[in-house]
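Below: one structure, written as structure tokens.
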Amino acid sequence: MPGSGPLGRAGLALLLMAAGAGARPWLAAPGDQPRSNVVLVACDSLDGRLTFFPGNQTVDLPSINFMKKHGTVFLNAYTNSPICCPSRAAMWSGLFTHLTESWNNFKGLDPDYVTWMDLMEKHGYRAQKFGKLDFTSGHHSVSNRVEAWTRDVDFLLRQEGRPMVKLTGHRKHARVMEADWRNTDKALNWIKEEAVNLTQPFILYLGLNLPHPYPSPYAGENFGSSTFLTSPYWLEKVNYEAIKIPKWSSLSEMHPVDYYSSYTKNCTGQFTKEEVRNIRAFYYAMCAETDAMLGEIISALRDTGLLGKTIIVFTADHGELAMEHRQFYKMSMYEGSSHVPLLVMGPGVREQQQIPNVVSLVDIYPTMLDIARIPVPQNLSGHSLIPLLRGKAESEASPRGPRPSWVLSEFHGCNVNSSVYMLRTGKWKYIAYSDGSSVPPQLFDLTADPDELTNVAKTFPVIVHSLDKILRSIVNYPKVSFSVQEYNKQQFISWKQSLGHNYSSVIANLRWHQDWLKDQKKYENAIDEWL
């Protein structure tokens, strides 16, 4: 049970003593000391701002706090694409999304792609995976992929159920997300029964679904996932007084892409403050349950004497807007969606360190190879986090040269009617769209405007020009946007042809069916015009 891990005071005290041995460098010469074990816990949809002040005031996350005390937290870690499969493809390949061409949740890496885990296994690590992976092609619903392919069609259809909350169980009901707990149990058993007896180092991966919203069957046959579900046990970990009700622009003032996202996510209707507060509270409670699973892993490593020999990494594929900017889910470059947690503790990692440098999930690949003392390929988009984790100066950076002062994120999937590119550097967040001219860009000063309420692109044209120049030096984004448009059209045509006479009934019955059936002919004509 969750209460038996670091959530209990006695357990936490033991854990603190076990971890207090101090940091030892792991990049010593081979033979000097054994290579560290590695555990990566990757959850789904956790807003990275909850791992530091002031976001951490809203919910009790003892396992994350433990990692902060005995390790390092990154204050500016980002996803490379704010949606499940493309983000994970970047993390497992070390390559930006325009290089993996993982354009949507249906298109990821090839099944035989060589990941960092494959290389670690090849170089003597015992590798074990449990839970959600989601970085290869061919997954997710038909509706999900058709929505992505048709985002350039001139229509506006709601693709999700209205976000809502649901309370389940009682005040002692801790195991709400059963599938995640089963996978956590498998990982715990593996640590206690196998890892403890290994004579070689190991890499263990645990993928969690939480705190991703749950499916919403009330929305019809092809439902989405718009239900924030938890039990009173976890809701009691939330500080309701600290919950911030986000400010919204009026619908008429929204950026055109934001309006499309809000509409397709079924968020343009009326929401009371109480509804918004509850959605956020239930989401935070789901984060608390996630944190407990991380705690169980840390406890198992402590109980088996492996904690001092193991590097633990905790992160997520993307965040969750939880009604910020009149949206839930991800698929956005706003902080709630694109900012991810990244915490590391273990041998060689500086304790109680907060790193302000911008980093992203492509950095996981070279970091894992560095830990395993495997030569890092030169073609990766990411840079090893090892120098930062050890508190080394930038001058001691890798042979590839210094870490860039920017991170890149891009999005090409559903609920957004344009390819989107985000460059984060210093205090600035620059967001470019499509071909760079047909959709207005956005520029946010995150120091003065952390809630990203004021687009200052027109106020600072010189900054926009400078950041756009950097962005174009990294990726020819108008060309990529065009490639995605062509890909979407070809995929849709192939899918349509595969259905033959069934096309009309199948497309009418996707997640947008409630809107589609109001004027089926009009929407079919819009698709025909697009094709």
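Side-chain atoms of F460 and W428, non-hydrogen and from C-beta on, do get closer than 4.5 Å to each other. Looking at heavy atoms from C-beta onward, Y240 lies in side-chain contact with N278 at the 4.5 angstrom threshold.
Ring geometry for F155 versus W512: interplanar angle over 60°, hence perpendicular rather than tilted (30 to 60°). Relative orientation of the W495 and F492 rings is tilted, given thresholds of 30° and 60° on the angle between their planes. In this pair, Y78 and H339 present their aromatic rings tilted. The plane angle is within the 30 to 60° band.
For K247 and E324, the salt-bridge test fails: no basic side-chain N is under 4.0 Å from an acidic carboxylate O. Salt-bridge formation is not detected for the pair K330/E320: no Lys NZ or Arg NE/NH1/NH2 atom is positioned less than 4.0 Å from an Asp or Glu carboxylate oxygen. Electrostatic pairing of K132 and D44 counts as a salt bridge here, judged by a charged N lying under 4.0 Å from a carboxylate O. Salt-bridge formation is detected for the pair D451/K244: a Lys NZ or Arg NE/NH1/NH2 atom is positioned less than 4.0 Å from an Asp or Glu carboxylate oxygen. Using a 4.0 Å cut-off between a side-chain N of Lys or Arg and a carboxylate O of Asp or Glu, R277 and E274 qualify as a salt bridge. With salt bridges taken as basic N to acidic carboxylate O contacts below 4.0 Å, one links R511 and E147.
Aromatic ring centres of Y329 and H212 lie closer together than 6.0 Å. In this structure, the ring of W92 has its center less than 6.0 angstrom from the ring center of Y205. Under the 6.0 Å cut-off for aromatic ring centres, Y421 and H412 qualify, their centroids lying closer than that.
In this structure, R280 contributes its side chain and M323 its backbone to no donor-acceptor pair below 3.5 Å.
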Before giving the answer on side chain to side chain donor-acceptor pair (under 3.5 Å), spell out for E253 and S250 the whole-Å C-alpha distance, their side-chain angles and the decisive distance to 0.1 Å.
CA-CA 5 Å; E253 292 172 325; S250 66; 3.1 Å; yes
Given the rule in the side chain to side chain donor-acceptor pair (under 3.5 Å) test, do Y263 and R158 qualify, once you have shown the distances and angles that lead to the verdict?
CA-CA 6 Å; Y263 192 96; R158 285 170 295 187; 4.5 Å; no
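Considering I386, L388, V359 as possible partners of T367, the one that fulfils the side chain to side chain contact (heavy atoms under 4.5 Å, CB included) test is I386.
Pairing each heavy atom of S434 with each of S481, the nearest pair is O-OG, 2.8 Å. Between W516 and L157, the shortest heavy-atom contact is CE3-CD1, 3.7 Å. In this structure, N455 and P441 approach most closely via the heavy-atom pair ND2-O, 3.2 Å. Between E452 and F444, the shortest heavy-atom contact is O-CE2, 3.4 Å.
Between N80 and S360, the side chains place a donor N or O and an acceptor N or O closer than 3.5 Å (distance only, hydrogens not considered).
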